[in-house]
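Read the numbers this way: they start at 1 and go in the same order the structure lists the ligands and their atoms. Note that the structure is predicted; figures quoted are calculated from it, not measured.
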Amino acid sequence: MNMGRDFHMAEGEGETSYVNNSKHQRKALLETRAALEKAVREVYADLLHPAMTVVDLGCSFGPNTLSFVSKVIEVVGRGSDKPESRRDPVELQFFLNDLPGNDFNHVFRSLERFGESTAAEHKENALAVPPFYIAGVPGSYYTRLFPRQSCHLFHSSYCLHWRSQVPAGLEAGGKEYLNEGNIYIAENTPGGVVELYRQQFQEDMLLFLKLRYEELVLGGQMVLTFLGRKYEDVYNDKYLNHPWGLLARSLQSLVEEVCKP
Ligand SMILES: C[S@@+](CC[C@H](N)C(=O)[O-])C[C@H]1O[C@@H](n2cnc3c(N)ncnc32)[C@H](O)[C@@H]1O
């Protein structure tokens with residue numbers, strides 16, 4: 001599988017779509033609101049440029065990314081209302097990034113209504129709405145996405161646990177499946193496979209940080225939320241291994257169904 005080309009969340013608004021199956025991710029957004037608010041306030045306070053560039057990496061589609069956008073607009077709107085804020089209103093440039101297969105059309109179609117509801121909410125709360133612009137950026141965040149020193153704030157929620165590729169060497173040249181029957185780390189996963197995942201994580205994370213370092217302005221900030229492990233023992237992590245184990249079994253039974261003689 002080519003992650004950059006083929007990977008995407010389930011499109012549209014049906015029962016199995018990402019839009020209708022992303023409450024868990026929404027919870028993560030709500031729990032990290034305070035950290036996001038703090039970062040936006042600090043970036044806004046130090047801003048020397050007339051526009052603030054804000055990026056949601058791995059935005060997917062549906063309400064979560066727009067809820068992030070809405071929070072940034074609200075915090076900047078509150079800041080620009082303060083009497084001590086004597087500068088011209090700051091303009092906000094949002095870039096919503098995901099892999100090219102993402103249902104960007106869904107996001108784009110929601111923008112008109114989003115603009116209207118933001119204007120109405122801010123009016124009700126007597127808050128200024130800073131001018132804002134929203135654009136989509138298809139591409140992997142494991143590549144350069146923006147010009148050098150051009151972004152003030154990166155945000156990414158529930159994405160960075162996705163690897164850039166299946167760890168190299170996992171299929172042993174296609175001859176032998178080292179992690180047969182599994183799609184991640186399970187009780188019977190060999191130690192060598194765990195090491196391959198660890199190395200892939202380190203490579204990906206290092207690359208991600210190097211790339212964002214190049215794109216961030218001096219004093220820019222990042223708010224990154226992603227799944228991690230509580231315990232060193234990777235075999236004894238029922239919160240992460242168990243759901244992936246169930247998913248692997250479901251996939252296995254689908255394959256068996258299709259391959260029945
Ligand atoms: C679980 S969704 C989270 C979406 C959204 N941030 C939210 O909170 O609802 C993870 C998203 O990360 C995206 N993603 C995974 N790897 C990526 C990569 N290398 N570059 C950009 N997006 C990626 C997926 O396509 C998916 O839309």
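For the pairing with Asp103, the side chain to side chain contact (heavy atoms under 4.5 Å, CB included) check across Met9, Glu11, His8 returns one residue only, Glu11.
The pair Glu116-Arg113 fails the salt-bridge criterion, with no side-chain N (NZ, NE, NH1 or NH2) lying under 4.0 Å from an Asp/Glu carboxylate O. Between Glu214 and Arg144, at least one side-chain N (NZ, or NE/NH1/NH2) sits under 4.0 Å from a carboxylate O, which counts as a salt bridge.
Checked against the 6.0 Å centroid criterion, the rings of Phe226 and Tyr158 do not qualify as a close aromatic pair. A ring-centre distance under 6.0 Å is found for Tyr197 and Tyr184. Tyr133 has its ring centre no less than 6.0 Å from the ring centre of Phe94.
Protein residues with any heavy atom under 4.0 Å from ligand 1: Phe7, Met9, Tyr18, Gln25, Gly58, Cys59, Ser60, Asn64, Asn97, Asp98, Leu99, Gly139, Ser140, Tyr141, Tyr142, Ser157, Tyr158, Cys159, Trp162.
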